[in-house]
Novice: 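The structure is given below, and queries will be raised subsequently.
When reading the values below, keep in mind they use all heavy atoms of this one structure, side chains included, and skip hydrogens, waters and symmetry mates. Residue numbers start from 1 in every chain, and the chains themselves are labelled A, B, ... in the order their sequence lines are given, proteins ahead of strands.
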Amino acid sequence: MDSQTVISSLNDQQKEAVSTNSIYTLVLAGAGSGKTRVLVHRVAWLIAIDKVPLQNIFVVTFTNKAATEMRKRIEDILNYPTKSFWIGTFHGLAHKFLRIHWEEAGLDKNFQIIDSLDQIRMIKKMLKTLNKSESDFSPKDIQLFINKNKDAGLRPNKLLDGRIEEDSEIIELYRYYDDLCKSSSVVDFSELILRVIETLRNNKDLLERYQNKFNHLLIDEFQDTNTIQYNLLKLLAGNHNSIFAVGDDDQSIYKWRGAKVENMQSFEESFDSTKIIRLEKNYRSTKNILSAANSIISRNSSRLGKNLWTDSHKGDLLSLYRASDERDEADFVISKINDYFNQGNLRSEVAILYRSNAQSRVFEEYLLKYKIPYKVYGGLRFFERAEIKDALAYLRLISNRNEDNSFERIVNIPVRGIGMKTIEHIRNVSNKNNISLWESSKKIIEGNMLSKRANNALYSFVNLIDKIDSLTKGSALSEIVREVIQSSGLIEHYGRDGQLNGEAKVENLGELVSASEGIITSEDISLSPLDDFLSYAVLESGSSQSSSEEDSIQLMTLHSAKGLEFPVIFLCGLEEGLFPHQRSINNQSELEEERRLCYVGITRAKKTIYLTYALRRRIYGIDHFGSPSRFIGEIPLDLIEELNSLELSLSSSTHSGNEYENNKPMQLGQRVIHNQFGEGVILAYEGNGPQARIQVNFYDEGCKWLVLEYAKLKFI
DNA sequence: ATCCGGGCCGATCCG
DNA sequence: CGGCCCGGAT
């Protein structure tokens, strides 16, 4: 393959990036500027032109989905499968490393990964054993504390130097938690990466080996790397390996979980003669969509600066729909979706985006009602569901008897007569002898330490696990899974009358079997298929719908939409307090992150975008009256078409005023003058007639709600 | 040991 | 509103 084949389809800046000789490259890639394309072609260039062997390349993506897709596209260009290719998320790659080097990392061979729900469970249990009340330290706060410190590379010991006295208790909890993880051989998300760094730092040979191996480090979504991830990258880079970082500071939306945009600014300082390449041509959206997005993001202060442009046509205006409440909003969205589908388009071309997961419920309800297939991303995902976690716990226990978390989760599910008292006993013996719950149970059974009934119950459980294990030795993975959900009694348990959503849960358990069939085992980790599957289940928790090939509407949060594109976008719930979120409204930098999130949302759209907001919305079962998001007002008026513009008739009542003024239709964005507050713009309104309330943003006085009848506004 | 119901509290976003 | 925890009844 010659160089032309690799870069012929690219524009000049993209070519420059793909074919660069620079050791350190920072690509500032605007939304829709062909970022993924550049990365994919860069890898192809390295392999085909620079003759770099695949195993010397290390590629970090933000999601598993992105990794899978990128790998596929690289294979398409190279025209051969990419075996033993280190491409994945930081977590996925760290996991791979730890599987290979579990010994050097001080882990058990078959360590398991826990997700954040498991982590909470563990913390709660820990508090119980330590006889601490959850009111002193909420489990969530402890979790936050632990993860925050791990993400900053700080172990309890490090924290104890120079600690503040009042922190010592929570640091002790952190230490205890780490011990607990060790004894049950589990690893949490943050631990994965921290452990890799520590292993490399404490093992010069290993570090050298990897520094010699990965000559080319490529990283996507660089703006969303946190401290420890960046440190890992620097460690691997050493003094001579090349780094090719791609990112967009305007799309940095993960500051809340420790991501540092500053990494982008400091990249140039950290690495000598960094070459900076800007990708500013947008290939995705129409001119109108891009103008709207640019107008919004231009309000932010701290930006590296990019000038995104397009030579596409103007396209449609952005549509704005004012819903009376969230049901009306959903109804509107559905009707537009039906129109679009009936014009012969695919459902999968449409995405409904929202700020928070809870908003998906109403949409789901309506989509179900109208029998429109859909797929939800995020929220409670497939592998996080209770029934699935139960089944996984059985599988984990089969793989590793000492995994206390799983033991406790399912020792009495389905109920088999092992109650609190028995479990308490098992825990005591386990604590006293410093052995796992499993070992402790066996000891108890042998010593006949319980009542006959309890002893029998416990025996039958221990026996069950052993039996499933020996029965399925050597069986295919899916056979093991099938056996587990059957003989554990889970199917029967969930299928029983009275179980909430019983059929759905049984169905999900069946899905788990199918999921285990589709797994392709990772090539270069010597992991049993079962352990491979268990890791996969945690790292890739999947969408919340069971997988199906059916053409369906895509529902997701703005965060999970990053990196994706759709012909038609519905950006919903554009209300102050919801988006921007209440918790960010009073903080300039957090508000700017919300604005970037909005920018991300709008730039997902290729052709059409609908913006919707609701005048009334139920949250926690209480009605809230919101006002339209400030972000709507940040889009130039001439780019927006209001689908149901305000046409208030004021004539119907006692209102005293001149006839013309009373009947004049009002529009959002209409400029008005108030005696006291001066000039402003109408942002929203509620109700009808003279009693209607309208919200005006006064240039000097800010936003105010006024009752139309008394406000005596002059329209100008 | 298990079931049921009332009280309480809380959800931004992710791997 | 809904999930989770706890306590009392069986």
Novice: How is A:Arg596 classified with respect to the nucleic acid when contacts are heavy atoms under 4.0 Å: base, sugar-phosphate, or nothing?
Specialist: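 The residue A:Arg596 makes no contact with any strand.
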
Novice: Picking from B:dA1, B:dT2, B:dC13, which would you name as closest to the side chain of A:Val415?
Specialist: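 Between B:dA1, B:dT2, B:dC13, the one nearest the side chain of A:Val415 would be B:dT2.
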
Novice: Answer with base, sugar-phosphate or nothing: what part of the nucleic acid does A:Lys65 contact at a heavy-atom distance below 4.0 Å?
Specialist: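 Here A:Lys65 touches no strand at all.
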
Novice: Identify the two heavy atoms, one from A:His91 and one from A:Leu192, that lie closest to each other, and give their separation to 0.1 Å.
Specialist: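 Distance-wise, the nearest heavy atoms are O-CD1, 3.9 Å.
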
Novice: Can you list every side chain to side chain donor-acceptor pair (under 3.5 Å) pair that touches residues 140-151 of chain A, not counting sequence neighbours?
Specialist: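 Only A:Gln119-A:Gln143, A:Gln119-A:Asn147, A:Ser138-A:Asp141, A:Lys150-A:Asp178, A:Lys150-A:Asp188, A:Lys150-A:Glu191, A:Asp151-A:Ser190 qualify under side chain to side chain donor-acceptor pair (under 3.5 Å).
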
Novice: Check every strand shown and say whether A:Phe90 touches a base, only sugar-phosphate, or nothing at a heavy-atom separation below 4.0 Å.
Specialist: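 The answer is nothing, as A:Phe90 stays clear of every strand by at least 4.0 Å.
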
Novice: Under the criterion of centre distance below 5.5 Å and interplanar angle below 30°, is A:Trp256 classified as stacked on the base of B:dC13?
Specialist: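 Yes, the aromatic ring of A:Trp256 stacks with the base.
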
Novice: According to a strict under-4.0 Å criterion, is A:Ser560 in side-chain N/O contact with OP1 or OP2 of B:dC14?
Specialist: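 Yes, because at least one side-chain N or O of A:Ser560 sits under 4.0 Å from OP1 or OP2 of B:dC14.
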
Novice: Which part of the nucleic acid, if any, lies within contact of A:Asp115, taking any heavy atom under 4.0 Å across all strands shown: a base, the sugar-phosphate backbone alone, or nothing?
Specialist: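 Nothing, no heavy atom under 4.0 Å.
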
Novice: For the base of B:dC14, is there a side-chain donor-acceptor partner from A:Arg257 under 3.5 Å away?
Specialist: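 Under the 3.5 Å cut-off, the side chain and the base do form a donor-acceptor pair.
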
Novice: For A:Lys421 and for A:Gln359, find the nucleotide of DNA chain B with the closest heavy atom, then tell me which residue's nucleotide is more 5'.
Specialist: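 Upstream on the strand: A:Lys421.
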
Novice: For a quick check of understanding: with a heavy-atom distance under 4.0 Å over all strands, which category does A:Lys124 fall into, base, sugar-phosphate or nothing?
Specialist: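 Touches sugar-phosphate only.
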
Novice: Picking from B:dA1, B:dC13, B:dG15, which would you name as closest to the side chain of A:Thr422?
Specialist: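 So the nucleotide nearest the side chain must be B:dA1.
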
Novice: Check whether any side-chain heavy atom of A:Tyr374 lies under 4.5 Å from a side-chain heavy atom of A:Tyr366, and answer yes or no.
Specialist: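 Not in contact.
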
Novice: Grab the stems for DNA chain B, please: at least three consecutive Watson-Crick or wobble pairs, both distances below 3.5 Å, written as range with range.
Specialist: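 Listed by first number, the stems are B:1-10 with C:1-10.
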
